[in-house]
Amino acid sequence: MKTIELIEILTQDNKKVSPLKSPQHRFLQWALYSLLSMIMILALSIMIRGQYHIPRFWESIVTLIVGFLFCGFVLFKRNIPGNQSTYDYLFHNLILVIWIIFLVLSVTFTEKGLFSSISEELTHHGSSCVVLLLLIATIPVILLNINLKKGFVEPSLLFQFSVYALPFTFAQIGISFLCPNETSIHMLTWHTLALIPFYSLISFLGFKLIQSKD
């Protein structure tokens, strides 16, 4: 093969590459658009259901916000090759695990116990929370996939879990202003456990999407 032919083959799919903006800028831009979409969904829900709620369980909200911010900065930082460090994933994953463990333990040490409490809670009406959580998370998931596809997509499980956790914590924060039921059993059952199968499917398909480069 001649040199000219080789050059033509190597450059035929060549596309202009523009450098990515800083991780902080990209994360805040994604968070802003996601926040606007959440406000529209919450406003529409208030119009339909006539319900607005000032959350009293602020410990949960603050914990989720801290986890959300750290998770976002880590994801967008590691989306640029060479910006990795050993302990990037530790903090926000630890926060999220502690949050879930707190819910589990607070239900476990009740009179009915964990499994009996979950079984009883499932008989109550809570499916609307699952629907609202999915609606809040859908647009941020799409925007996140579009954003991450522009950079380096890390194949590690921790990266994939963080892609899951970022919109998950975002949706958890949003529903706190519409759901008046702040008991641990309701949050564990309808805001977390019932959501996992549906949300896992969305995140899995979304991650496969960002892995497929054009």
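Just so you know, these numbers come straight off a predicted model, no measurement behind them.
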According to a 4.5 Å side-chain heavy-atom criterion applied to Ile, Leu, Val, Met, Phe, Trp and Tyr, with indirect links allowed, do [X] and [Y] form part of one hydrophobic cluster?
X	Y	value
I142	W30	no
F91	L94	no
L69	L35	yes
F177	L133	yes
Y164	I146	no

State whether the side chain of [X] and the backbone N or O of [Y] hold a donor-acceptor pair below 3.5 Å, judged by distance alone.
X	Y	answer
S106	F102	yes
W190	E121	yes
R78	E154	no
N79	L148	yes
T189	H186	no
N93	L90	no
S176	Q172	yes
T192	M187	yes
T123	E120	yes

Give, for atom [atom1] of [X] and atom [atom2] of [Y], the distance between the pair rounded to the nearest 0.5 Å.
X	Y	atom1	atom2	value
L144	L75	CG	CG	6.5 Å
I185	T183	CD1	OG1	7.0 Å
I100	L105	CD1	CG	12.0 Å
L32	L36	CG	CG	5.0 Å
F168	C71	CZ	SG	11.5 Å

Can you give me the closest heavy-atom contact between [X] and [Y], atom names plus distance?
X	Y	result
S117	V107	CB-CG1, 3.6 Å
S45	L178	OG-CD1, 3.5 Å
P167	A137	O-CB, 4.2 Å

More than 12 foreign heavy atoms under 6.0 Å from CG of L157: is that the case here? no
Can you confirm whether [X] sits close enough to [Y] that some side-chain heavy atom of one is under 4.5 Å from a side-chain heavy atom of the other?
X	Y	result
I139	S34	no
H191	L195	no
I136	I173	no
H53	E182	yes
F27	L166	yes
R26	P23	no
Q29	Y33	yes
L114	F109	no

Check the orientation of Y89 and H92. Use parallel for under 30°, tilted for 30 to 60°, and perpendicular for over 60°. perpendicular
Do any side-chain atoms of residues 54-68 form donor-acceptor pairs under 3.5 angstrom with protein atoms, and if so which ones, sequence neighbours left out?
residue	atom	partner	partner atom	Å
W58	NE1	P55	O	2.7
S60	OG	W99	NE1	3.0
T63	OG1	E59	O	2.7

Using side chain to side chain contact (heavy atoms under 4.5 Å, CB included) as the criterion, point out the one residue from V104, L103, I118, V130 that pairs with L193. I118
Under the side chain to side chain contact (heavy atoms under 4.5 Å, CB included) rule, what do L20 and F76 come out as? Steps first, then yes or no, please. CA-CA 10 Å; L20 291 174; F76 282 88; over 6 Å; no
